[in-house]
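Here's the structure, in structure tokens; my notes come after.
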Amino acid sequence: MPRIDAGPPHYKEMLPPIILENYGKWRYHVIPRPGVLKHVAENGAELYSVRAGSPRLVSIDFIRDMCALADEYCDGFLRFTSRNNIEFLVSDAGKVEPLISALEAKGIPVGGTGNSLSNIVHTQGWVHCHTPATDASGIVKAVMDDLHEYFTDMKLPAKLKVAMACCLNMCGAAHCSDIAMVGVHRTPPRVNDEKVQKGTEIPSLVASCPTGAIRPNPKTKSVVVNEEKCMYCGNCYTMSPGMEIADPKNDGVAILIGGKTSNARTAPSFSRMVIPFLPNNPPRWPEVTEAVRHIVEVYASNARQGERLGEWVERIGWEKFFILTGIEFTDKHIDDYIFSRETFRTSAAFKF
Ligand code: SF4
Ligand code: SF4
């Protein structure tokens, strides 16, 4: 009889003895150097977590390499963080520096702690999904190469969370990150009547459109799209293989900024669009990497210590953000969806 409905293994089966012994009894932690956390328990026990970057999409060989390092330096214990970094759990302080040297010898950076840029939360892209407007792993590699110094150091005003989603479904954290790169289309879907007839529940397809741009067409037993109403979200293609929307020449990347999930100092917030479109330019996406670096550098040299990117923009005002960065403000930035009124300025307070 196969084992079913067993759930995941209990996490306590995989904890190092030092964590089991001091579970719920930690007193404080410090960051002795970028990429290393030191937790001290009530009884004085010390645990070092060495955080290393990972590309998320990894081979079994890569995982075996990490396991070999964990066997050598951490009695076989490691974990993955919620941003897909690898954390080696070291209870012998003398093994921290040798482990870091071993990781760096393999080309794996140590960092992502404190006021740094940690790993980029990202999605499937052209590797595995059928609805992307851009690639995930490719852009993430290009941006992390460019911003490498911010991963291995802690010189930013506050934590910087960058996320990437290859379509507006926003699998992951793009809607609530300091900086987000999101794949966007700019042309309407191409209705293939035969595919719609064969593979689609038409009422669900009609209901999938947020702007009511899709209507049934009884004559063709398919649908028609009012292109004036379409804003190229691609939701209809998720519902029906007869609504292809990918367009290599017109698809690209939008940049959003200013989101956060923590409640520290200020409430969590959504990220907002500041660059409507940058071209898909594989394999290194120079326009995207340059735009992200520029925003990071303007933020780093203007924000106060401890201020997240969105907190900084809210303090100085969005008009000042566009002036400081030189990013062009266009009609595309003005919200025109159902509850857009809340985003308009209803005050005479603004800066020239
Ligand atoms: S964000 Fe969109 S394209 Fe990317 S993995 Fe999710 S559904 Fe697929
Ligand atoms: S792309 Fe979006 S807005 Fe356009 S027709 Fe499809 S669901 Fe509607």
Side-chain angles (χ1 to χ4, degrees), residues 133-134 139 143 160-170 172-188 209-211 213 227-235 245 247 249-261 266-281 285-300 302-303 307-352:
T134 187
I139 290 190
V143 171
L160 182 75
K161 315 263 188 190
V162 179
M164 199 283 147
C166 34
C167 86
L168 297 180
N169 280 348
M170 290 204 191
H175 62 295
C176 57
S177 295
D178 294 290
I179 301 180
M181 301 163 283
V182 181
V184 289
H185 303 289
R186 294 190 301 169
T187 47
C209 180
T211 62
E227 296 190 357
E228 290 293 307
K229 281 184 156 186
C230 174
M231 41 65 166
Y232 332 122
C233 68
N235 221 21
I245 191 167
D247 177 347
K249 289 213 175 79
N250 283 296
D251 292 349
V253 180
I255 307 288
L256 288 66
I257 67 151
K260 79 183 192 51
T261 56
T266 52
S269 56
F270 285 124
S271 34
R272 298 185 184 189
M273 195 269 293
V274 292
I275 302 180
F277 183 81
L278 294 167
N280 269 333
N281 198 353
W285 277 268
E287 295 84 355
V288 174
T289 55
E290 192 183 316
V292 173
R293 169 172 277 274
H294 180 57
I295 292 170
V296 171
E297 285 177 348
V298 175
Y299 157 65
N302 284 277
E307 213 167 33
R308 291 283 291 270
L309 200 154
E311 293 171 324
W312 164 62
V313 177
E314 287 296 335
R315 175 171 62 79
I316 63 171
W318 284 87
E319 58 270 66
K320 190 80 186 290
F321 167 82
F322 282 97
I323 290 168
L324 282 175
T325 55
I327 295 171
E328 188 189 4
F329 186 86
T330 69
D331 58 340
K332 305 260 182 317
H333 291 83
I334 300 171
D335 193 351
D336 58 359
Y337 195 58
I338 301 170
F339 301 115
S340 57
R341 186 180 172 281
E342 300 298 314
T343 66
F344 301 160
R345 190 195 312 280
T346 51
S347 153
F350 73 96
K351 299 187 187 88
F352 278 101

Can you sort out the partners of [X] under side chain to side chain contact (heavy atoms under 4.5 Å, CB included), two or more places apart, ordered by chain and number?
{"X": "Cys233", "result": "Leu168, Pro210, Met231, Asn235"}
{"X": "Glu314", "result": "Arg272, Trp318"}
{"X": "Phe329", "result": "Phe322, His333, Ile334"}

Just verifying a value: how many Å separate [X] [atom1] and [Y] [atom2], rounded to the nearest 0.5 Å?
{"X": "Leu256", "Y": "His175", "atom1": "CG", "atom2": "NE2", "value": "11.0 Å"}
{"X": "Thr289", "Y": "Met181", "atom1": "OG1", "atom2": "CE", "value": "10.0 Å"}
{"X": "Lys249", "Y": "Arg186", "atom1": "NZ", "atom2": "CZ", "value": "12.0 Å"}
{"X": "Leu309", "Y": "Ile179", "atom1": "CG", "atom2": "CD1", "value": "5.5 Å"}
{"X": "Phe277", "Y": "Asp251", "atom1": "CZ", "atom2": "CG", "value": "7.5 Å"}

- Message: When you compare the side chain of Val182 with that of Met273, does any pair of heavy atoms fall below 4.5 Å?
- Response: no
- 4.5 Å side-chain heavy-atom contact, Tyr232 and Asn250: no
List the atom of [X], the atom of [Y], and the distance in Å for their closest heavy-atom pair.
{"X": "Cys230", "Y": "Ala213", "result": "N-CB, 4.0 Å"}
{"X": "Ala173", "Y": "Ser177", "result": "O-OG, 2.6 Å"}
{"X": "Leu278", "Y": "Ile255", "result": "CD1-CG1, 3.8 Å"}
{"X": "Cys166", "Y": "Thr134", "result": "CB-O, 3.2 Å"}
{"X": "Val292", "Y": "Val143", "result": "CG1-CG1, 4.2 Å"}
{"X": "Cys167", "Y": "Ala133", "result": "CB-N, 4.4 Å"}

- Message: With no hydrogens and no angle check, just 3.5 Å: does a side-chain donor-acceptor pair link Thr187 and Asp247?
- Response: yes
- Task: For atom CD of Glu319, decide whether the heavy atoms of other residues, nucleotides or ligands shown that lie under 6.0 angstrom number more than 12.
- Result: yes
- Report yes or no: does Ser271 contribute a side-chain atom to a donor-acceptor pair with the main-chain N or O of Gly258 at less than 3.5 Å? no
- Task: Output yes when a side-chain donor or acceptor of Lys161 lies under 3.5 Å from a complementary backbone atom of Cys176, and no otherwise.
- Result: no
- Task: Applying side chain to side chain contact (heavy atoms under 4.5 Å, CB included), run through Trp285 and Asn280 and close with a yes or a no.
- Result: CA-CA 6 Å; Trp285 277 268; Asn280 269 333; 3.0 Å; yes
- Could I get the full list of salt bridge (Lys or Arg N to Asp or Glu O under 4.0 Å) partners for Asp178, not counting sequence neighbours? Arg308
Distance-only donor-acceptor pairs under 3.5 Å for side chains of residues 344-352, two or more places apart:
from: Arg345; atom 1: NH1; to: Ala349; atom 2: O; distance (Å): 3.4
from: Ser347; atom 1: OG; to: Ala349; atom 2: N; distance (Å): 2.8
from: Lys351; atom 1: NZ; to: Ile316; atom 2: O; distance (Å): 2.6

Which donor-acceptor pairs under 3.5 Å do the side chains of residues 293-300 make with protein atoms, sequence neighbours left out?
from: Arg293; atom 1: NE; to: Asp146; atom 2: OD2; distance (Å): 3.1
from: Arg293; atom 1: NH1; to: Glu297; atom 2: OE2; distance (Å): 2.5
from: Arg293; atom 1: NH2; to: Asp146; atom 2: O; distance (Å): 2.5
from: Arg293; atom 1: NH2; to: Glu149; atom 2: OE2; distance (Å): 2.9
from: His294; atom 1: NE2; to: Thr325; atom 2: O; distance (Å): 2.7
from: Tyr299; atom 1: OH; to: Ala158; atom 2: N; distance (Å): 3.4
from: Tyr299; atom 1: OH; to: Glu307; atom 2: O; distance (Å): 2.7

